[in-house]
Amino acid sequence: MRLDRFDLNLLVAFHALMEERSVTRAAERLHLTQPAMSAALRRLRESFNDPLLVANGKQMVPSPHAQELAPRVAEIVASSQALISGSTLFDPQTSRRRFRIAASDYVTSIAVQPLLAEMAVQAPGIRFSVIGPHANVSEQMERGEVDCIISPEQFQAHGHPSELLFEEEHVVLGWRENPLFAQPITEAAYQAAGHVVVELSNTPAFVEQFVRARGDTRRIEVTVTSFTLVPWLLPGTMRIALVHARLARLFLDKLPLAMAPPPFALPKMREMIQFNRARAADRGLLWLREGLRRHAGDPVPLR
């Protein structure tokens, strides 16, 4: 098979077929008719001399050769998309681009939301899709379906560049009327208090890993899956929570809350932006990364 006789658009079709496992859904994804997608599959089979995908009920099952090709084709498609977008001048005032970010609700609140407010005036045509981190998000970035992932440093995928967004500390947050905040919090008082804790579905949150490693005797009374839900559950109770300092500052003006340093040392959390290595020179992504860093804000003084 010679490259000058091969239609490279067939690789895009192959990528869609492998992900959708359906001619109909792949056609809809690429805005093609079903006969056009069927024709593309036929040409792919002829080019690779392999059935590639075989019908099995309503789904198509990939051949061993197709499974071997899939990650290589996905990388080619992502690199090609990056080449096209990276070679085009990016003007935020006129761009109609949609950015796709994977980030927690905490990061969305303190870095993404302020950028969206700025964009409403300076970049009105740009759109955002924000999804929560999940087990397969690195694969989505590999395929070019996610522009960047924002997460603590130790949760980053291998093989792709990343850069520091900000460093974060954690504070004890609670109701302003809680007598615990009338004086420096001791570890004994901290452990004896009722706690609100964030439990993520796939892995413990950054601070939870360190708290549990040092020996955890807290009385956990409430668990939630959202960082931004925690402050709302504290007023009117004697419960406390370990939360990000920036998140605490965000809620101090909204709710009757108080914050204090934890009674033991905790490492700073390094929140990183990671992106596909093929998109390192993408001008739009460079603009996005700079805007997120600008809005992340300065560290919160704990005293």
Side-chain angles (χ1 to χ4, degrees), residues 1 3-63 65-102 116 119 123-132 134 136-149 275-279 281-288:
M1 178 173 59
L3 184 60
D4 60 354
R5 296 177 182 173
F6 182 79
D7 182 358
L8 294 178
N9 285 313
L10 291 176
L11 296 182
V12 179
F14 175 84
H15 180 55
L17 285 163
M18 285 296 293
E19 290 199 336
E20 301 294 342
R21 306 292 174 89
S22 162
V23 171
T24 301
R25 290 196 300 272
E28 292 173 351
R29 173 169 163 174
L30 298 182
H31 305 290
L32 298 175
T33 63
Q34 186 168 337
M37 182 56 72
S38 296
L41 177 57
R42 183 177 64 253
R43 292 172 62 194
L44 281 163
R45 287 168 170 164
E46 293 171 354
S47 298
F48 288 103
N49 192 28
D50 186 89
L52 298 179
L53 292 115
V54 180
N56 181 22
K58 294 183 178 181
Q59 275 204 327
M60 305 194 76
V61 178
S63 70
H65 187 47
Q67 291 177 321
E68 181 183 350
L69 289 172
R72 296 156 62 187
V73 171
E75 185 170 355
I76 291 170
V77 171
S79 298
S80 300
Q81 290 173 337
L83 177 66
I84 294 169
S85 61
S87 62
T88 304
L89 291 176
F90 177 79
D91 181 358
Q93 293 184 331
T94 59
S95 176
R96 306 290 295 180
R97 183 167 173 176
R98 177 181 293 275
F99 288 105
R100 297 150 298 181
I101 299 175
L116 293 178
M119 286 169 43
I126 291 178
R127 300 291 180 264
F128 266 84
S129 293
V130 182
I131 63 171
H134 58 85
N136 299 320
V137 71
S138 296
E139 296 174 11
Q140 288 185 293
M141 183 179 68
E142 283 272 4
R143 298 193 296 263
E145 297 169 5
V146 167
D147 291 297
C148 63
I149 303 171
F275 44 92
N276 193 307
R277 58 185 174 274
R279 297 191 173 185
D282 182 334
R283 292 181 177 88
L285 192 53
L286 287 168
W287 171 85
L288 173 64

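Atoms considered below: every heavy atom in the structure, side chains included; atoms not considered: hydrogens, waters and symmetry mates. Residue numbers count from 1 along this sequence. What you are looking at is a predicted structure, and each value in this text was computed from that prediction instead of being measured.
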Of all the heavy-atom pairs spanning Phe90 and Ser95, show the shortest one and how long it is.
CE1-OG, 3.4 Å
With Arg21, which residues qualify under salt bridge (charged side-chain N to carboxylate O under 4.0 Å, His left out), at least two apart?
none
Between the CZ atom in Arg25 and the CE atom in Met37, the distance rounded to the nearest 0.5 Å is 12.0 Å
When rounded to the nearest 0.5 angstrom, what distance separates CG in Leu52 from CZ in Arg42?
13.5 Å
Walk me through whether Ile101 and Leu288 qualify under side chain to side chain contact (heavy atoms under 4.5 Å, CB included).
CA-CA 10 Å; Ile101 299 175; Leu288 173 64; 4.1 Å; yes
Roughly how far, to the nearest 0.5 Å, is CE of Met141 from CG of Asn136?
12.5 Å
So Arg277 and Glu75, do their side chains get closer than 4.5 Å, heavy atoms only?
yes
Scanning both residues in full, the closest heavy-atom pair of Val23 with Ser38 reads CG1-OG, 3.5 Å
Closer than 3.5 angstrom, by distance alone: can the side chain of Arg45 be matched with the main-chain N or O of Leu53 as a donor-acceptor pair?
yes
Considering non-hydrogen atoms only, spot the tightest contact between Arg98 and Asp147 and give its length.
O-OD2, 3.9 Å
Minimum-distance pair of heavy atoms, taken over all atoms of Leu30 and Ala13:
CD1-CA, 3.8 Å
Any side-chain heavy atom of Glu19 within less than 4.5 Å of one from Glu145?
yes
To the nearest 0.5 Å, atom CZ of Arg127 lies from atom CZ of Arg96 at 5.0 Å
Looking at side-chain heavy atoms only, is the closest gap between Trp287 and Arg283 below 4.5 Å?
no
Distance, nearest 0.5 Å, that separates CZ of Arg43 from CZ of Phe48
12.0 Å
Report the residue from Val77, Leu69, Ile76, Leu10 that forms a side chain to side chain contact (heavy atoms under 4.5 Å, CB included) with His15.
Val77
For Leu285 and Cys148, work out which heavy atoms get closest and say how close.
CD1-CB, 4.5 Å
Pairwise distance OG(Ser47) to CZ(Phe14) - rounded to 0.5 angstrom:
11.5 Å
Do Leu44 and Leu17 touch side chain to side chain, with heavy atoms closer than 4.5 Å?
yes
Closest heavy-atom pair and its distance - Ala66, Met18:
O-CE, 3.7 Å
